[in-house]
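Right, one structure below, let's go through it.
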Amino acid sequence: TGVNNENDNYQLFQYGNQLLFEWNDASTGQHYQAYTTASSGTVSSTNWNYVTVTVTNGNLVIYNNGVAQTLQYDKSNVPGNTLVGPQTVNLKVNSNDVTVGKQNAASSSDSFYYSGDIGAIDVYNRGLTQAEINANYAKYLA
């Protein structure tokens, strides 16, 4: 749908060796990104990673292998373009399909498809606690 009028609601993907969560704000319509910093740890494309994202009362936490990551925020759809402080996540309601390993957009580009293995996915109706994430990680559960 184009860079300036995307209606994806939210996406999680690997950006180089960082994890990136992107959303369109329900209140302002602004595009935001939160992504892990190099100092908080990196994601390796050659190793197994257990990634969890929670949004509880608008607060976003990205976990990698059971560890909460330090995040940077951007008010743009280009990482590092317009850095801002932490943002409240206000997801909007839309009728888009949930896709895994593919961007929710009509594109013929393979760059929008995940290349790798996904072991398991689970979606909860609430944000998991740190203890629940650690228990799932220890047992290799989604």
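The basis for the numbers below is simple: all heavy atoms, side chains too, and nothing from hydrogens, waters or symmetry mates. None of the values given here were measured: they were computed from a predicted structure.
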### Message
Using only atom types and a distance under 3.5 Å, with no angle test, would you say the side chain of Thr52 pairs donor to acceptor with the backbone of Ile133?
### Response
no

### Task
Go through the steps for Val51 and Leu19 under the test side-chain contact (heavy atoms from CB on, under 4.5 Å), then give the verdict.
CA-CA 9 Å; Val51 176; Leu19 294 168; 3.9 Å; yes

### Task
Show your working on side-chain contact (heavy atoms from CB on, under 4.5 Å) between Asp74 and Tyr32 and close with a plain yes or no.
CA-CA 6 Å; Asp74 198 284; Tyr32 289 101; over 6 Å; no

### Task
Determine whether Val53 and Leu60 make a side-chain contact, defined as any pair of heavy atoms from C-beta on separated by less than 4.5 Å.
yes

### Task
Start with the C-alpha distance between Phe21 and Leu71, add both sets of side-chain angles, then the distance that settles side-chain contact (heavy atoms from CB on, under 4.5 Å), and finish with yes or no.
CA-CA 10 Å; Phe21 183 82; Leu71 300 175; over 6 Å; no

### Summary
Tyr63 meets the ring-ring contact (aromatic ring centres under 6.0 Å, His included) criterion, sequence neighbours left out, with none

### Query
Mind checking whether His31 and Glu22 have side chains closer than 4.5 Å, heavy atoms only?
yes

### Full working for side-chain contact (heavy atoms from CB on, under 4.5 Å) between Asn49 and Asn65
CA-CA 6 Å; Asn49 295 279; Asn65 298 327; 3.9 Å; yes

### Summary
Sorted by chain and residue number, the side chain to side chain contact (heavy atoms under 4.5 Å, CB included) partners of Leu91 (sequence neighbours excluded) come out as Asn9, Tyr10, Trp23, Val89

### Message
Test of understanding: with side chain to side chain contact (heavy atoms under 4.5 Å, CB included), list the residues that count as partners of Ser39, not counting sequence neighbours.
### Response
Thr37

### Message
Which residues pass the side-chain hydrogen bond (donor to acceptor under 3.5 Å, both in side chains) test with Thr129, not counting sequence neighbours?
### Response
Glu132

### Query
Quick check: does any side chain N or O of Asp25 sit under 3.5 Å from a backbone N or O of Ser27, one acting as donor and the other as acceptor?
yes

### Task
State which residues pass side chain to side chain contact (heavy atoms under 4.5 Å, CB included) with Asn47; sequence neighbours excluded, sorted by chain then number.
Ser44

### Message
Main chain of Ile62, side chain of Gln69: is a donor-acceptor contact present, judged purely on distance under 3.5 Å?
### Response
no

### Message
Given 3.5 Å as the limit, does a donor-acceptor pair link the side chain of Gln72 with the main chain of Gln33, or not?
### Response
no

### Query
Going by atom types alone, do Thr56 and Asn59 pair a side-chain donor with an acceptor below 3.5 Å?
no

### Query
Any side-chain heavy atom of Tyr124 sitting closer than 4.5 Å to one from Thr54?
no

### Task
With sequence neighbours left out, write down each residue that passes side chain to side chain contact (heavy atoms under 4.5 Å, CB included) with Gln14, or none if nothing qualifies.
Val43, Ser45

